[in-house]
Amino acid sequence: MSDGTAVAGLDGALRCPWALSTPDYVTYHDEEWGRPVHGDDALFERLSLEAFQSGLSWITILRRREGFRAAFAGFEIAKVATFTDADKERLLADAGIIRNRAKIEATMANARALAEWTAGDLDDLIWSHAPDPAARPAPKTLADVPAVTPESTALSKALKKRGLRFVGPTTAYALMQACGLVDDHLQACVARSAP
């Protein structure tokens, strides 16, 4: 049982303890989580997947990510914005995704709202909430990693004000972690210093 500090994986490298439960997590942790993500469609995908994750384990979403991408037209905002009630029914019947009506409807509504934004606005808005990295010491244990921050609360409010749904402060913080706005890899984690 981990005390919340970095743990050696099978390769001997220290990693955040959550990353070691499955090979899927190791790859995601080492290659994606905490790396900067830019682009409206890419951020829409991450925002949507974080919303679908609410109340579930991230591994559940990660293992269905390709199904989500297929079902939601690669998370291209312009395409998802045109989804109809027939698409909603198709999604509700799609075993390759999480078939939650409220989350599906929110994803479709968010795409319609984002389609009205100027290109680059989502990227600019999200990244404008990145905290100063110098003001955040590297977490030593999982207990040092927050679930919500003032920045994620502000981001949540800004997204809601612009018409987006399923973007509470915890979801906003998970997005910030996943997309590299914050680096919550533990201080001793091999991925903390990775490019």
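A salt bridge does not link Arg136 to Glu151: none of the charged side-chain nitrogens sits closer than 4.0 Å to a carboxylate oxygen. Using a cutoff of 4.0 Å between basic side-chain nitrogens and carboxylate oxygens, Glu32 and Arg35 are not scored as salt-bridged.
Under the 3.5 Å distance criterion, the side-chain polar atoms of Asp123 are left unmatched by any main-chain donor or acceptor of Gly120. Remark: the backbone N or O of Ala42 is paired with a side-chain donor or acceptor of Arg46 at under 3.5 angstrom. Remark: side-chain polar atoms of Lys103 are paired, donor with acceptor, to backbone N or O of Ser54 under 3.5 angstrom. No donor-acceptor pair under 3.5 Å is formed between the side chain of Ser152 and the backbone N or O of Thr170. With hydrogens and angles ignored, the 3.5 Å screen pairs no side-chain donor or acceptor of Arg99 with any backbone N or O of Ile104. Here the side chain of Ser48 pairs a donor or acceptor atom with the backbone of Phe44 at under 3.5 angstrom. The main-chain N or O of Leu125 is found under 3.5 Å from a side-chain atom of Ser128 such that the two form a donor-acceptor pair. A distance-only check finds a donor-acceptor pair linking the side chain of Trp127 to the backbone of Val37 [under 3.5 Å].
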Any chance you could lay out the side chain to side chain contact (heavy atoms under 4.5 Å, CB included) test for Phe166 and Leu47, step after step, and finish with the verdict? CA-CA 9 Å; Phe166 261 94; Leu47 189 63; over 6 Å; no
Full working for side chain to side chain contact (heavy atoms under 4.5 Å, CB included) between Thr107 and Phe68: CA-CA 11 Å; Thr107 302; Phe68 274 107; over 6 Å; no
What's the verdict on side chain to side chain contact (heavy atoms under 4.5 Å, CB included) for Leu114 and Leu164, showing C-alpha distance, side-chain angles and the deciding distance? CA-CA 8 Å; Leu114 290 168; Leu164 300 192; 4.0 Å; yes
Check against side chain to side chain contact (heavy atoms under 4.5 Å, CB included), Val182 and Tyr173: CA-CA 9 Å; Val182 296; Tyr173 193 68; 3.7 Å; yes
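Residues meeting the salt bridge (charged side-chain N to carboxylate O under 4.0 Å, His left out) test with Glu89, sequence neighbours left out: Arg101. Residues passing the side chain to side chain contact (heavy atoms under 4.5 Å, CB included) test with Leu20 are Val7, Arg15, Val26, sequence neighbours excluded.
At a cut-off of 3.5 Å, with distance as the only test, no side-chain donor of Asp24 or Thr22 sits close to an acceptor on the other residue.
Heavy atoms from other residues, nucleotides or ligands lying under 6.0 Å from NZ of Lys88 number more than 12.
Smallest separation of non-hydrogen atoms from Met176 and His129: CE-O, 3.3 Å. Minimum interatomic distance between Ala113 and Gly163 (heavy atoms only, all atoms of both residues): CB-O, 4.2 Å.
Atom CG of Asp40 and atom CH2 of Trp117 lie 8.5 Å apart (nearest 0.5 Å).
Note on residues 6-27: pairs passing ring-ring contact (aromatic ring centres under 6.0 Å, His included), not counting sequence neighbours, are Trp18-Tyr25, Trp18-His29, Trp18-Trp33.
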